[in-house]
Undergrad: 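This is the structure, below, for whatever I ask next.
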Amino acid sequence: MTARYDFKTIEERHQADWTKEGLFAAGEDSSRPGYYVLEMFPYPSGRIHMGHVRNYTIGDVVARYKRMQGYNVLHPMGWDAFGMPAENAAIKHRIHPSIWTHENIDYMRKQLRRLGLSYDWEREFATCDPEYYRWEQLFFIQMFEAGLVYRRKSKVNWCEGCQTVLANEQVEDGRCWRCDTEVVEKELDGWFFKITDYTQELLEGCDKLTGWPEKVLTMQRNWIGRSVGAEIIFPLAGKDGEIRVFTTRPDTLLGATFMSLSPEHPMVLELCMGTGQEEEVKTFIDHWSKIPARERQITKSPNHQIIQSPNHQITKSPNHQITKSPNHQITKSPNHQITKSQKGVFTGAYVKHPLTGESIPIYIADFVLMEYGTGAVMAVPAHDQRDFEFAKEYKLPIKVVIQPEGKDLKPDTMKEAWEGPGTLVNSGSFDDMKNERAKEAITGHLEAQGLGNQKISYRLRDWGISRQRYWGTPIPMVHCDTCGIVPVRKQDLPVILPLDAQLDEQGQSPLSGLESFWSTTCPKCGGPARRESDTMDTFVESSWYFARYTCPDETSAPLDRNRVDKWLPVNQYIGGIEHAILHLLYARFFTKVLRDLGWLSADEPFANLLTQGMVLKDGAKMSKSKGNVVDPDKMIHTFGVDTIRLFILFASPPERDLEWSDQGVEGAHRFLHRIWRLITENLEGLTSASTDKEILVQGTKATKALRQKTHQTILKVTEDIEQRFHFNTAISAVMELINEAMAYLNRYGTPKIDQQGDWAVLREAMEAVLILLFPMVPHITDELWQLLGHQKTISLEPWPVADLDVARADTVNIVVQVNGKLRSQVDVTQNTDKEIIESMALDDPKIKRYTEGKGVHKIIYVPGRLINIVMKH
RNA sequence: GCCGAAGUGGCGGAAUUGGUAGACGCGCUAGAUUCAGGAUCUAGUGGACAGUAUAUCCGUGGGAGUUCGAAUCUCCCCUUCGGCACCA
């Protein structure tokens with residue numbers, strides 16, 4: 001009699017048992033070493049999607065695996081609960097963001113519990129809880145006091161129709177997503193975190209993050225964007241003043257034939273004044289300022305052609321349209337065209353070249369960024385492609401100062417700029433110098449003359465955290481007419497986000513219209529004052545939540561130093577690759593700030609990072625608009641949690657994208673059924689097997705082979721999980737072991753009940769299968785484990801260690817190649833001498849066909865792998 | 001545009017250090033079982049060639065190169081995806 005694989009009952013029962021036994025609570029005074037595994041917490045959008053399931057399944061495997069290895073595992077879960085979708089829902093469905101958010105959290109928590117994830121739910125929190133954000137407000141004030149917070153103007157997307165700020169994602173083709181009004185740029189006062197104070201440490205820290213993927217570190221390094229160059233002073237011609245430029249190519253200084261300023265450069269208007277170019281400049285800047293900043297960054301024409309169109313037209317296909325082709329394949333429309341090019345205007349003013357004294361015209365160029373360097377560029381058309389195109393367009397002179405080896409560049413015949421290395425020409429005393437040396441020589445010369453100096457520039461900008469929105473952490477500042485801007489007194493925290501705000505499609509930030517909120521008294525002078533109505537970027541909450549998990553019950557302080565220092569840095573952080581730059585950089589920055597404020601000791605938040613790929617269906621990311629969403633609830637109902645987990649882990653390695661396949665899910669389900677039957681149909685024999693170690697050792701050739709496979713599988717699975725989290729290959733190794741066990745039973749028949757040795761070997765194999773698969777499919781393996789007669793949950797089993805003597809093969813297969821092509825193979829015992837293998841290979845009749853009558857040039861032998869006979873000519 | 005990835009059978013993927021390309025699974029084909037379907041089991045499954053042999057040739061997005069040997073290293077090109085600072 002065998003039991004049916006009733007996954008629903010099994011999964012519910014074991015989940016209840018685990019909870020009852022409190023297996024997932026991370027104790028504080030444990031003698032076991034700690035291990036902190038964390039998945040990026042979700043935004044409570046309503047329902048979990050497959051991306052969540054994948055993320056949390058991967059984390060759960062790591063958590064369970066580490067527990068089996070004897071670690072005291074901290075594996076928490078919570079909610080990144082502030083954000084725009086709640087406000088959008090409020091406007092659309094007339095439901096308060098708070099209610100909407102909490103309903104979503106309740107629903108999603110149930111979903112996560114149903115997934116059997118091994119969280120310590122005692123530590124759960126939501127960031128919209130005042131008990132969380134009050135500490136963020138404290139950090140803000142402390143950062144303000146430490147000079148890490150400041151206020152300045154910055155540009156935002158503005159919709160005149162809605163009278164509101166728009167996020168980038170609310171701008172569709174340059175228009176407001178709600179009312180279709182053209183989006184303009186507007187200067188707005190806002191709060192900034194001085195992340196640039198930590199630039200150097202953030203950059204250098206990348207070298208120490210050996211547990212992070214190299215590609216993420218590269219992206220972070222590039223984002224910070226360190227470049228060594230020079231700041232050079234160009235005096236104005238004909239009047240007092242100067243313009244400073246930053247360049248990474250001081251070696252090309254003598255090739256500068258004009259200067260380009262950013263349209264935002266503060267000197268622009270002053271320069272063109274009285275030159276007759278005033279009108280033209282104003283028209284240009286007026287035109288330019290209407291293009292939102294985010295579109296300016298993608299303004300290079302594809303084929304380096306200058307398109308002189310007066311209207312800055314941007315054509316963009318409606319966001320990545322998916323079209324269904326007749327054969328039901330989803331294809332992305334290829335026409336994602338942006339046609340626009342750099343443009344500029346002459347200011348009418350000139351600077352003097354610092355070395356030659358020549359007059360150089362000053363232009364305004366739309367590709368020059370105010371945020372980087374000094375907002376002014378010395379243009380060297382011969383050696384910078386953008387300058388080259390600009391010079392061609394406006395008929396400006398081109399002067400070659402770097403001559404590459406073996407070429408003779410001439411301004412008239414050049415088709416593009418030469419940006420590579422070479423020797424200096426036309427550069428006076430610097431001629432004949434290699435350009436790399438000339439960089440130092442020219443910078444040194446300028447420094448001596450007081451005309452410039454070496455400078456390191458970074459691309460990283462300060463972090464603007466002001467949001468003119470309701471559903472976020474209120475910024476704890478007060479505006480007083482007498483005292484200016486004053487922080488809220490720490491004892492008055494938290495500044496509670498009022499729940500009676502009105503949200504509608506029109507208007508300013510809801511808080512600025514809510515007098516009961518903004519009307520206050522100045523903490524300093526006691527006079528009437530106005531509260532800051534901006535809230536913080538939700539990235540702030542996610543920049544320290546991992547620290548709060550270590551002490552979520554702490555009521556007197558944001559963090560309990562002892563507990564934070566015990567757990568941080570997170571041993572293993574897991575989340576989507578889309579967070580490779582912003583979230584991870586902000587979290588690193590915040591950790592360093594909290595360290596310097598004395599709240600914790602860690603320098604970095606995450607010791608090891610695993611970036612998982614996306615879940616795709618029909619080659620595209622799952623989304624409602626594309627209609628290719630697979631609902632986790634339905635899948636779990638039909639197949640059970642273990643099947644879904646198995647499929648997700650098996651279908652691809654975690655760092656790669658995962659293509660959803662309903663048939664693949666069925667395959668995973670089938671595999672679990674196979675294990676179920678294999679064990680339940682042989683339960684009598686398996687449970688009767690002797691547990692005596694001795695009996696395993698004496699065995700027939702066949703049982704020896706199965707034992708060998710068992711121990712090889714233990715080795716392989718441990719390696720795959722430990723070294724690279726490749727659960728897909730770990731699972732396929734277990735599949736091979738199952739296949740071998742099935743083949744064993746087919747070949748020799750089910751052992752008689754008194755064949756103790758055979759049963760013992762089979763039992764060893766099956767128990768290995770269950771333990772190895774447990775972190776991935778915990779419910780079915782726990783059930784089968786107990787069916788095999790074990791009283792306690794498999795969760796408490798230690799991770800197995802392979803017996804290397806058993807795993808080692810007696811013979812090894814050596815490939816024989818002739819001229820690198822596989823021609824034969826020989827089986828030899830381990831450690832056979834090279835000479836013996838060589839003569840075996842040369843005597844092989846299949847090899848003789850190729851070697852007969854020709855001379856052997858040389859023989860290459862790779863021990864234990866192959867032998868390659870290289871023939872003459 | 002800039003930065004970062006990826007591209008291997010009909011499909012997902014494997015090949016961990018330059019050393020047997022296609023493990024494992026899906027799908028498909030044939031057979032067994034079954035009233036039938038499903039499920040299960042057995043065998044086969046990159047392509048060409050099916051002159052029969054555990055043959056030969058071709059084959060890891062395209063093109064060149066390094067090497068005894070390249071999916072893996074170098075250079076160029078193509079395609080797809082992620083990020084680009086107010087989505088989280």
Side-chain angles (χ1 to χ4, degrees), chain A residues 40 42-43 45 80 82-85 154 156-157 165-171 190 213 215-216 218-219 221-223 225 293-294 297-302 332 334 338 340 367 371 459-469 537-539 542 576-583 585-586 611 613-614 616 619-621 647 650-653 655-668 670-671 673-674 677 719-720 723-724 726 728-729 731-736 739 742 746 813-822 825 846 849 857-860 862 865-871:
Chain A
M40 292 178 184
Y43 177 78
S45 54
D80 189 12
F82 276 136
M84 261 199 336
S154 69
V156 292
N157 300 312
V165 176
L166 296 177
N168 284 343
E169 69 155 21
Q170 295 173 318
V171 182
K215 62 171 173 176
V216 174
T218 307
M219 281 192 261
R221 287 191 187 104
N222 289 336
W223 188 254
R294 60 194 198 89
Q297 286 176 6
I298 40 172
T299 55
K300 211 162 180 187
S301 63
K332 260 202 171 160
I338 295 151
K340 213 186 142 263
F367 62 86
E371 292 84 8
R459 212 182 70 98
L460 184 68
R461 309 202 295 257
D462 277 334
W463 175 12
I465 58 142
S466 272
R467 298 291 181 271
Q468 294 68 41
R469 290 181 218 294
D537 179 3
T538 56
F539 267 124
S542 55
I577 181 69
E578 66 273 17
H579 297 289
I581 295 172
L582 292 182
H583 162 60
L585 192 67
Y586 293 150
T611 49
M614 292 182 310
L616 310 177
K621 189 176 177 174
F647 166 72
F650 181 61
S652 78
E655 68 275 9
R656 293 244 299 233
D657 287 348
L658 184 152
E659 176 69 33
W660 190 265
S661 154
D662 289 339
Q663 286 175 328
V665 176
E666 283 172 37
R670 228 159 22 221
F671 173 67
H673 258 284
R674 253 161 94 87
R677 284 199 318 272
E719 221 174 82
D720 281 345
Q723 291 176 9
R724 40 178 210 162
H726 276 206
N728 56 332
T729 49
I731 292 164
S732 62
V734 177
M735 285 173 169
E736 285 185 48
N739 289 348
M742 297 274 251
N746 274 325
N813 179 258
I814 303 281
V815 165
V816 185
Q817 297 183 334
V818 178
N819 291 333
K821 285 201 159 124
L822 168 71
Q825 328 194 358
K846 276 181 275 180
R849 276 217 301 252
H857 175 60
K858 63 172 168 177
I859 294 176
I860 287 154
V862 183
R865 282 231 132 121
L866 63 72
I867 182 162
N868 185 13
I869 302 162
V870 185
M871 306 305 294

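Just so it is clear, the values below take in all heavy atoms, side chains as well, and ignore hydrogens, waters and symmetry mates. So you know, we letter chains A, B, ... as the sequences are listed, proteins then strands, and number each from 1.
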Undergrad: Tell me which nucleotide, if any, is Watson-Crick or G-U wobble paired with B:A55 when both distances must be under 3.5 Å.
TA: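 Across any shown strand, B:A55 pairs with none.
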Undergrad: Of the listed nucleotides (B:U16, B:A23, B:U20), which one gets closest to any side-chain atom of A:Asn813?
TA: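 The answer is B:U20, which lies nearest to the side chain.
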Undergrad: With heavy atoms under 4.0 Å as the rule, sort A:Asn746 into base, sugar-phosphate or nothing.
TA: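 Sugar-phosphate only.
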Undergrad: For the side chain of A:Gln663, counting heavy atoms from C-beta on, which of B:G27, B:G13, B:U20 is nearest?
TA: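 So the side chain of A:Gln663 is nearest to B:G27.
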Undergrad: Can you tell me how far P in B:U52 sits from the matching atom in B:C57, rounded to whole Å?
TA: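 These two P atoms come out 16 Å apart once rounded.
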Undergrad: Base, sugar-phosphate, or nothing: which does A:Ser45 touch, judged by heavy atoms less than 4.0 Å apart?
TA: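 Answer is nothing: A:Ser45 stays at 4.0 Å or more from every strand.
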Undergrad: Need one value for A:Met40: base, sugar-phosphate or nothing, where a base atom within 4.0 Å counts as base even if backbone is also close, heavy atoms only.
TA: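 Contact class for A:Met40: none.
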Undergrad: Are the side chains of A:Trp660 and A:Val665 in touch, meaning some heavy atoms are under 4.5 Å apart?
TA: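 In contact.
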Undergrad: Is any side-chain N or O of A:Asn868 under 3.5 Å from a base N or O of B:C68, one able to act as donor and the other as acceptor?
TA: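 A donor-acceptor contact between them is present.
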Undergrad: Has A:Arg461 got a side-chain N or O lying under 4.0 Å from the OP1 or OP2 atom of B:A85?
TA: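 Checking A:Arg461 against B:A85: no side-chain N or O falls below 4.0 Å of OP1 or OP2.
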Undergrad: Applying the Watson-Crick and G-U wobble criteria at under 3.5 Å, what pairs with B:G44? Answer none if nothing qualifies.
TA: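 With both distances under 3.5 Å, B:G44 matches B:C28.
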Undergrad: For A:Ile859 and B:C68, what is the distance between atoms CD1 and P respectively, to the nearest whole Å?
TA: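 Checked: the CD1 to P distance equals 15 Å.
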Undergrad: Measuring only the P atom in each nucleotide, how far is B:A15 from B:C73? A whole number of Å is fine.
TA: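 The same atom, P, in both gives a distance of 14 Å.
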Undergrad: Base, sugar-phosphate alone, or nothing: which one does A:Pro653 contact when heavy atoms must sit under 4.0 Å apart?
TA: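 Result for A:Pro653 = sugar-phosphate.
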Undergrad: Taking the minimum atom-to-atom distance to the side chain of A:Arg656, which one of B:G25, B:A6, B:A88 wins?
TA: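 Closest nucleotide to the A:Arg656 side chain: B:A6.
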Undergrad: Checking all strands, does A:Gln170 fall into the base, sugar-phosphate, or nothing category for heavy-atom contacts under 4.0 angstrom?
TA: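 The answer is nothing, as A:Gln170 stays clear of every strand by at least 4.0 Å.
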Undergrad: Expressed as a whole number of Å, how far does the P atom of B:U72 sit from that of B:G19?
TA: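 11 Å, rounded to whole Å.
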Undergrad: From the set B:U20, B:A23, B:A85, return the single nucleotide nearest to any side-chain atom of A:Gln825.
TA: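 Nearest nucleotide to the side chain: B:U20.
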Undergrad: A:Glu736 has an atom CD; how far is it from atom C1' of B:A23, in whole Å?
TA: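 Between C1' of B:A23 and CD of A:Glu736: 6 Å.
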Undergrad: Say we look at B:G13 and B:U45: how far apart would their P atoms be, to the nearest angstrom?
TA: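 Between the two P atoms, the distance is 23 Å.
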Undergrad: Using the side-chain heavy atoms of A:Arg459, tell me which of these nucleotides is nearest: B:G82, B:A85, B:G13.
TA: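 Given the options B:G82, B:A85, B:G13, the side chain of A:Arg459 is closest to B:A85.
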Undergrad: Please compare A:Gly667 and A:Val156 by the position of their nearest nucleotide in RNA chain B and report the one closer to 5'.
TA: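 Result of the comparison: A:Gly667.
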Undergrad: Only pairs with both distances under 3.5 Å count, Watson-Crick or wobble alike; so what is the partner of B:A39 in this structure?
TA: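 For B:A39, the partner nucleotide comes out as none, under the 3.5 Å rule.
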Undergrad: Taking pairing as Watson-Crick or G-U wobble with both contacts under 3.5 Å, can you name the mate of B:C75, or confirm there isn't one?
TA: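 Pairing partner, where one exists within any strand: B:G63.
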Undergrad: Can you tell me the base-pairing partner of B:A50? Count Watson-Crick or G-U wobble geometry only, both distances below 3.5 Å, and say none if there is no partner.
TA: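 For B:A50, the partner nucleotide comes out as none, under the 3.5 Å rule.
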Undergrad: Using purine N1 to pyrimidine N3 plus N6-O4 or O6-N4 for Watson-Crick, or N1-O2 and O6-N3 for G-U wobble, each under 3.5 Å, what pairs with B:A23?
TA: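 The base-pairing partner of B:A23, which may sit in any strand shown, does not exist here.
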Undergrad: Within the structure, does a side-chain N or O atom of A:Asn222 lie under 4.0 Å from either OP1 or OP2 of B:G4?
TA: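 Answer is yes, contact under 4.0 Å.
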Undergrad: Indicate, with a heavy-atom threshold strictly under 4.0 Å, whether A:Arg469 touches base, sugar-phosphate, or nothing.
TA: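 Counting heavy atoms under 4.0 Å across all strands, the contact made by A:Arg469 includes a base.
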Undergrad: Output the single nucleotide from B:A21, B:A88, B:C86 whose closest atom is nearest the side chain of A:Gln468.
TA: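 Closest nucleotide among those given: B:C86.
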Undergrad: Going by atom types only, do A:Thr729 and A:Asp720 share a side-chain donor-acceptor pair under 3.5 Å?
TA: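 Present: a donor and an acceptor within the cut-off.
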Undergrad: Taking 4.0 Å as the cut-off, does a side-chain nitrogen or oxygen of A:Arg677 come that near to OP1 or OP2 on B:C41?
TA: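 It does, given that an N or O in the side chain of A:Arg677 lies less than 4.0 Å from OP1 or OP2 of B:C41.
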Undergrad: From the set B:G4, B:G82, B:U20, return the single nucleotide nearest to any side-chain atom of A:Val815.
TA: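 The listed nucleotide nearest to A:Val815's side chain is B:U20.
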Undergrad: Categorize A:His579 for me: base, sugar-phosphate, or nothing, with a 4.0 angstrom heavy-atom threshold over every strand shown.
TA: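 Touches a base.
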Undergrad: What's the base orientation of B:G59: syn (chi within 90° of 0) or anti?
TA: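 What B:G59 shows is an anti base, its glycosidic angle lying more than 90° from 0.
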Undergrad: In whole angstrom, give the distance that lies between atom CZ of A:Arg670 and atom C1' of B:C24.
TA: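 Those two atoms, CZ and C1', are 14 Å apart.
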Undergrad: Given the P atoms of B:G59 and B:A48, what is the spacing between them in whole Å?
TA: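 To the nearest whole Å, 15 Å.
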Undergrad: Please report the distance, rounded to the nearest Å, between NE2 in A:His673 and P in B:C41.
TA: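 After rounding, the gap between these two atoms is 12 Å.
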Undergrad: Looking only at the side chain of A:Thr538 (C-beta and beyond, no hydrogens), which of the listed nucleotides B:A14, B:A88, B:G19 gets closest?
TA: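 Taking heavy atoms from C-beta onward, the closest nucleotide is B:A88.
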Undergrad: At under 4.0 Å between heavy atoms, what does A:Glu655 touch on the DNA or RNA strands: base, sugar-phosphate, or nothing?
TA: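 Touches nothing.
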Undergrad: Taking any strand in view, what nucleotide pairs with B:G69 in a Watson-Crick or G-U wobble way, both distances under 3.5 Å?
TA: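 Matched B:G69 with nothing under the 3.5 Å cut-off.
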Undergrad: Under 4.0 Å, counting only non-hydrogen atoms across every strand here, what does A:Arg865 touch: a base, just sugar-phosphate, or nothing?
TA: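 Contact class for A:Arg865: sugar-phosphate only.
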Undergrad: Indicate the ring-plane relationship of A:Trp463 and A:Tyr586, choosing parallel, tilted or perpendicular according to the 30° and 60° boundaries.
TA: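 Parallel, since the angle between the ring planes stays under 30°.
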Undergrad: Give the rounded distance in Å between these two atoms: CZ of A:Phe671 and C1' of B:U40.
TA: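 That distance rounds to 16 Å.
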Undergrad: Given that both distances must come in under 3.5 Å, which nucleotide forms a Watson-Crick or G-U wobble pair with B:C2?
TA: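 Partner of B:C2: B:G83.
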Undergrad: Mapping A:Gly664 and A:Met84 onto RNA chain B by nearest heavy atom, which one lands closer to the 5' end?
TA: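 Taking each residue's closest nucleotide, the earlier one in sequence belongs to A:Gly664.
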Undergrad: Quickly work out the A:Phe650 CZ to B:C24 P distance and round it to whole Å.
TA: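 Value for this atom pair: 10 Å.
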Undergrad: Where the side chain of A:His726 is concerned, which of B:A88, B:A14, B:C26 is the nearest nucleotide?
TA: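 Nucleotide nearest to A:His726's side chain: B:A14.
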Undergrad: Does a side-chain N or O from A:Asn728 land closer than 4.0 Å to OP1 or OP2 of B:G12, or not?
TA: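 So the side-chain polar atoms of A:Asn728 never come under 4.0 Å of the phosphate oxygens OP1 or OP2 of B:G12.
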Undergrad: Which heavy atom in A:Gln170 sits nearest to a heavy atom in A:Val165, and how many Å separate them?
TA: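 Taking every non-hydrogen atom into account, OE1-O, 4.0 Å.
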Undergrad: Name the closest nucleotide to the A:Arg724 side chain, picking from B:C68, B:C81, B:A14.
TA: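 Of all the options, the side chain of A:Arg724 is nearest to B:A14.
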Undergrad: For A:Ala580, answer base if it contacts any base atom (sugar-phosphate contacts may also be present), sugar-phosphate if it contacts only those atoms, and nothing otherwise; contact means non-hydrogen atoms under 4.0 Å.
TA: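 No contact at all - A:Ala580 keeps every heavy atom at 4.0 Å or more from the nucleic acid.
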Undergrad: Taking 4.0 Å as the cut-off, does a side-chain nitrogen or oxygen of A:Asn739 come that near to OP1 or OP2 on B:G25?
TA: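 Yes, because at least one side-chain N or O of A:Asn739 sits under 4.0 Å from OP1 or OP2 of B:G25.
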Undergrad: Considering every strand and a 4.0 Å limit on heavy-atom distances, what is the contact class for A:Thr218: base, sugar-phosphate, or nothing?
TA: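 The residue A:Thr218 makes sugar-phosphate contact but no base contact.
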Undergrad: Between A:Asn168 and B:C84, is there a contact of a side-chain N or O with OP1 or OP2 at under 4.0 Å?
TA: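 Negative; the distance criterion is not met.
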Undergrad: Could you work out the separation of B:G83 and B:U8 based on their C1' atoms and round it to a whole Å?
TA: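 It works out to 27 Å between them.
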Undergrad: Whole angstroms only, please: what is the CD-P distance between A:Glu659 and B:G7?
TA: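 The distance from CD of A:Glu659 to P of B:G7 comes to 15 Å, rounded to the nearest Å.
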Undergrad: Give A:Gly225 one of three labels, base, sugar-phosphate or nothing, depending on what nucleic acid heavy atoms sit under 4.0 Å from its own.
TA: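 Nothing, no nucleic acid heavy atom in range.
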Undergrad: Rounded to whole Å, how long is the line connecting atom NZ of A:Lys621 with atom P of B:A88?
TA: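 Between P of B:A88 and NZ of A:Lys621: 14 Å.
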